[in-house]
Amino acid sequence: MVEIEINSNCNRKCQYCPNSKLKRTNLPLYMDTELFNKILSELKKINFDGRISYHFYGEPLLHPNLGNLIEKTSKMLKKSRLILYTNGDLLTEKKYLELVKSGVDYFVVTSHSLKTFPNRPKQIVLYPNNLHLTNRGGVIGVLIEPFKFPCFAPTTTLIITITGEILLCYEDARREHVFGNIMYQPLEEIWYSNKFIEIRKQLASGNREAVNICKICNNIAHLEPIRYDYVL
């Protein structure tokens with residue numbers, strides 16, 4: 001799975017999200033077009049056929065050219081599934097139909113306000129009580145003792161930030177564990193670097209002390225090396 005941070009802003013600051021704790025003033029608002037094209041090119045080289053989404057901790061519907069980005073992805077990576085994760089605040093019927101036409105395969109809507117949504121054929125709606133909330137790598141509360149469970153999040157998900165950095169996983173809200181930048185290095189070079197491989201091995205074996213953030217992270221959603229996307 002690949003998650004691309006196309007924009008860094010969000011219209012909400014939920015108490016269980018790092019956006020309520022961290023400032024994003026040093027980040028660009030939108031991903032540079034050249035960088036986005038480079039990401040697609042790198043994924044095409046490896047014939048990527050997994051899930052692609054357009055978020056990190058931002059709300060993708062705030063991007064003014066979201067439809068164009070999705071259409072470009074759909075044309076270049078025909079085997080991939082484009083899953084849009086959104087809080088749904090801006091997901092009107094018109095916008096839904098536009099994005100389906102652009103290439104979105106499925107919408108995963110998290111209704112933080114308990115707002116209801118019309119039944120749509122390519123949509124699932126989740127509410128706060130449906131979510132498996134975590135402490136976001138220690139940003140929302142700190143784990144005292146490291147877990148002993150394995151974690152395959154860095155094995156199954158590739159996180160690309162708005163500036164092209166490859167992070168350890170989606171829990172790294174502070175962007176502290178960077179393994180390279182896709183703008184300046186081939187994707188395969190970063191993914192198969194000795195450092196990245198060794199950390200993934202350590203986490204797979206249950207060693208949550210392999211990386212500082214993992215010592216205080218309480219995520220147990222990736223105990224097995226399987227794809228946790230929506231195959232619908």
Side-chain angles (χ1 to χ4, degrees), residues 1-6 18 38-58 73 77 79-85 105-106 108 126 131-140 143 145-232:
M1 299 175 285
V2 174
E3 295 182 357
I4 306 170
E5 184 183 27
I6 60 170
K38 178 71 161 51
I39 292 169
L40 296 187
S41 177
E42 288 290 307
L43 292 174
K44 187 174 182 179
K45 283 181 186 177
I46 62 172
N47 199 28
F48 182 74
D49 64 354
R51 186 256 283 175
I52 296 179
S53 299
Y54 301 87
H55 67 283
F56 184 34
Y57 287 103
T73 308
L77 302 168
K79 297 180 182 179
S80 295
R81 287 183 58 78
L82 310 187
I83 312 296
L84 188 74
Y85 287 76
D105 291 296
Y106 218 82
V108 180
L126 303 176
L131 303 178
H132 193 82
L133 298 174
T134 73
N135 67 358
R136 295 307 187 187
V139 175
I140 311 294
L143 190 68
E145 292 291 332
F147 281 162
K148 304 300 182 183
F149 308 113
C151 182
F152 289 92
T155 302
T156 57
T157 309
L158 175 71
I159 306 300
I160 308 175
T161 73
I162 198 164
T163 53
E165 294 176 328
I166 305 297
L167 300 182
L168 174 68
C169 82
Y170 61 82
E171 297 287 16
D172 190 5
R174 291 192 176 96
R175 306 161 193 259
E176 295 176 334
H177 299 282
V178 180
F179 292 85
N181 192 305
I182 201 169
M183 193 66 192
Y184 311 111
Q185 300 165 264
L187 172 57
E188 289 184 277
E189 179 181 299
I190 301 171
W191 185 257
Y192 290 111
S193 66
N194 291 335
K195 181 181 178 182
F196 213 167
I197 288 173
E198 180 57 30
I199 288 175
R200 289 198 295 266
K201 285 182 177 178
Q202 290 293 321
L203 290 172
S205 71
N207 179 16
R208 294 260 184 140
E209 298 190 57
V211 187
N212 288 338
I213 190 176
C214 302
K215 296 178 184 178
I216 55 176
C217 178
N218 68 352
N219 190 323
I220 56 171
H222 301 273
L223 301 182
E224 298 177 50
I226 63 176
R227 285 166 59 156
Y228 285 81
D229 55 350
Y230 283 84
V231 182
L232 301 163

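As a basis for the values below, the full set of heavy atoms in this structure was taken, side chains included, without hydrogen atoms, waters or symmetry mates. None of these values were measured; they are calculated from a predicted model. Index from 1, following the sequence.
- Using cut-offs of 30° and 60° on the angle between ring planes, the pair Tyr85 and His55 is tilted.
- The distance from atom OG1 of Thr73 to atom CG of Leu43, rounded to the nearest 0.5 Å, is 9.0 Å.
- Annotation: the span from Ile46 atom CD1 to Glu188 atom CD amounts to 6.0 Å, rounded to 0.5 Å.
- Across Ile190 and Phe179, no two heavy atoms sit closer than the pair CG2-O, 3.5 Å.
- Atoms OG and CZ, from Ser205 and Arg200 in turn, are 13.5 Å apart once rounded to the nearest 0.5 Å.
- Side-chain atoms of Ser53 come within 3.5 Å of backbone atoms of Ile83 as a donor-acceptor pair (strictly under, hydrogens ignored).
- In terms of heavy-atom proximity, Gln185 sits nearest to Gly180 at OE1-CA, 3.2 Å.
- The closest donor-acceptor contact from the side chain of Ser80 to the backbone of Phe48 lies under 3.5 Å.
- Ile166 places a side-chain heavy atom less than 4.5 Å from the side chain of Ile160.
- Glu165 is linked by a side chain to side chain donor-acceptor pair (under 3.5 Å) to nothing, counting only residues two or more places apart in sequence or in another chain.
- Taking SG of Cys151 as the reference point, atom CG of Asn207 lies at 12.0 Å (rounded to 0.5 Å).
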Please step through side chain to side chain contact (heavy atoms under 4.5 Å, CB included) for the pair Tyr106 and Arg51, ending with a clear verdict. CA-CA 10 Å; Tyr106 218 82; Arg51 186 256 283 175; over 6 Å; no
Would you please test Phe147 and Asn219 for side chain to side chain contact (heavy atoms under 4.5 Å, CB included) and show each step? CA-CA 9 Å; Phe147 281 162; Asn219 190 323; over 6 Å; no
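- We find the CZ-CG distance between Arg174 and Leu167 to be 13.5 Å, quoted to the nearest 0.5 Å.
- The minimum heavy-atom distance linking Cys169 with Phe56 is given by the pair O-CE1, 4.5 Å.
- Taking CZ of Arg136 as the reference point, atom CD1 of Ile216 lies at 14.0 Å (rounded to 0.5 Å).
- Partners of Arg175 by salt bridge (Lys or Arg N to Asp or Glu O under 4.0 Å), not counting sequence neighbours, listed by chain and number: Glu5.
- When the side chain to side chain donor-acceptor pair (under 3.5 Å) test is applied to Lys45, the partners found at least two apart in sequence or on another chain are Glu42.
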Please walk me through it: do Leu187 and Leu158 pass side chain to side chain contact (heavy atoms under 4.5 Å, CB included)? CA-CA 10 Å; Leu187 172 57; Leu158 175 71; 3.6 Å; yes
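- Judged by distance alone, with hydrogens and angles left aside, the side-chain atoms of Asn218 form a donor-acceptor pair with the main-chain N or O of Asn135 at under 3.5 Å.
- Listed here is the closest heavy atom pair of Pro150 and Arg208: O-NH2, 3.3 Å.
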Please walk me through it: do Phe152 and Thr157 pass side chain to side chain contact (heavy atoms under 4.5 Å, CB included)? CA-CA 8 Å; Phe152 289 92; Thr157 309; over 6 Å; no
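- Residues Trp191 and Pro154 approach most closely at CH2-O, 3.1 Å, considering heavy atoms.
- Using a distance-only test at 3.5 Å, with no hydrogens or angles considered, no donor-acceptor pair links the side chain of Asp172 to the main chain of Ile213.
- Across all non-hydrogen atoms, the minimal contact from Cys217 to Glu171 is SG-CG, 4.0 Å.
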